[in-house]
Protein chains: 2
Amino acid sequence: MTQLDATDIKILNVLQEEGRITNKALSEKLGLSTTPIFERMKRLEKDGVIAKYVALLNHKKIDRKLTVFVSISLKNHTRSYLEKFIEEMNQFKEVQEVYHIAGDFDYMLKIVTRDIETYQKFILANLSVNSNIAHVKSQFVLSRDKYTTAYKLDS
Amino acid sequence: MTQLDATDIKILNVLQEEGRITNKALSEKLGLSTTPIFERMKRLEKDGVIAKYVALLNHKKIDRKLTVFVSISLKNHTRSYLEKFIEEMNQFKEVQEVYHIAGDFDYMLKIVTRDIETYQKFILANLSVNSNIAHVKSQFVLSRDKYTTAYKLDS
DNA sequence: CCTGAAACTTTGGGTCA
DNA sequence: TGACCCAAAGTTTCAGG
């Protein structure tokens, strides 16, 4: 693992909140010239510490009003079946996140759709036909009260 | 709600995957000149369709190896108690997401920490002392098999 | 959509400890 | 040697026409 120094950490904390900040503005914020910031950013990208830059959209303004957490238990847990399940989930754009979890269920999915009808159609067309799924439990989101993608790092 | 046309949707789909793409590169990708792309991006930002731009980090490279989904039920559900709970959760940097959910539990939290010891300390210091929490159920993440922040939009 | 001045990015060379 | 600063060359931005 790359060792991160205090300046790296400051850069990462800023970029996690302002992903399109200019090198110049970031440099001024940290009291350095553009060169070291530029080189550090490139290094952090190259080393994979920064995985990617993205725009986060307001889901309400693009007609994606429903989020559901779906817990799933599988019948067959052999490796190839797990891999097959994951591969399948990766193809569905409605499934934004997939976690293998310890406990009663095997997987937890985060599914986002336009509304409840679209959600039901999606489940019927894509999960209900999967013969390896034993159990499905849907937890509907009433409101999202906190959301951040940032890991606040301290030096 | 702002009405989005096919070009807006293409712009949003690209920016959700390449948040730092230059206006010029984006314009070339969509076969338009920089001016209309520039104006549309500014409009989408101003209207709040684009909420923000962020850098996503590789959690394994910054020593955040444990993710836990925590389901919580509260004792008192009056509005002011719910608001107090949310306000409290918003102060914890380890709590990245908070969802009010329908069903057995009231809230689901996504908590990210360095490791299991740090997690336990966090729970003991911050949740166990909350006298309004009735029940806590932790679901530990073994692996994250899909993760995207993008809503793939179709025209 | 085109244009160009202003702003930003990127690189090479040089300084300091 | 490593981390930084400066300045010039190369790109991009963004307002006017």
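In what follows, chains are A, B, ... by sequence order, proteins preceding strands, each numbered from 1.
Ring geometry, A:His135 versus A:Phe105: the interplanar angle exceeds 60°, so the pair is classed perpendicular (tilted spans 30 to 60°). Relative ring orientation between B:Phe69 and A:Tyr99 is described as perpendicular, the plane-to-plane angle rising above 60° on a 0-90° scale split at 30° and 60°. The aromatic rings of B:Tyr119 and B:Phe140 lie perpendicular to each other, with more than 60° between the two planes, well past the 30° mark.
Between A:Leu4 atom CG and D:dA3 atom P there is a gap of 13 Å when expressed in whole angstrom units. Summarising the geometry, the separation between CG on A:Leu32 and P on D:dC6 is reported as 11 Å, rounded to the nearest angstrom. A:Leu30 places its CG atom 15 Å from the C1' atom of D:dA3, with the value rounded to the nearest Å. The CG atom of A:Leu26 sits 13 Å away from the C1' atom of C:dC8 (whole-angstrom rounding). Between A:Gln3 atom CD and D:dG2 atom P there is a gap of 16 Å when expressed in whole angstrom units. The CD1 atom of B:Ile37 sits 12 Å away from the C1' atom of C:dC1 (whole-angstrom rounding).
We find the CD-NZ distance between B:Gln91 and B:Lys93 to be 13.0 Å, quoted to the nearest 0.5 Å. Summarising the geometry, atom OG belonging to B:Ser27 is positioned 4.5 Å from atom CD1 belonging to B:Ile37; distances are rounded to the nearest 0.5 Å. We find the CE-NZ distance between A:Met108 and A:Lys137 to be 9.5 Å, quoted to the nearest 0.5 Å.
Exactly one residue among A:Leu109, A:Asn130, A:Val98, A:Ile101 makes a side chain to side chain contact (heavy atoms under 4.5 Å, CB included) with A:Ile72. That residue is A:Leu109.
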Please tabulate, one pair per line, each protein N/O and nucleotide N/O from nucleotides 10-13 of chain D that are separated by under 3.5 Å, including the distance.
{"from": "D:dT12", "atom 1": "OP2", "to": "B:Lys24", "atom 2": "NZ", "distance (Å)": "3.2"}
{"from": "D:dT13", "atom 1": "OP1", "to": "B:Asn23", "atom 2": "N", "distance (Å)": "3.0"}
{"from": "D:dT13", "atom 1": "OP2", "to": "B:Asn23", "atom 2": "N", "distance (Å)": "3.3"}
{"from": "D:dT13", "atom 1": "OP2", "to": "B:Lys24", "atom 2": "N", "distance (Å)": "3.0"}

Distances under 3.5 Å between protein N/O atoms and the N/O atoms of nucleotides 13-17 of chain C, please, pair by pair.
none

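In this structure, the side chains of B:Asp145 and A:His100 come closer than 4.5 Å at one or more pairs of heavy atoms.
Distances shorter than 4.0 Å separate none of the side-chain N or O atoms of A:Arg40 from OP1 or OP2 on D:dA3.
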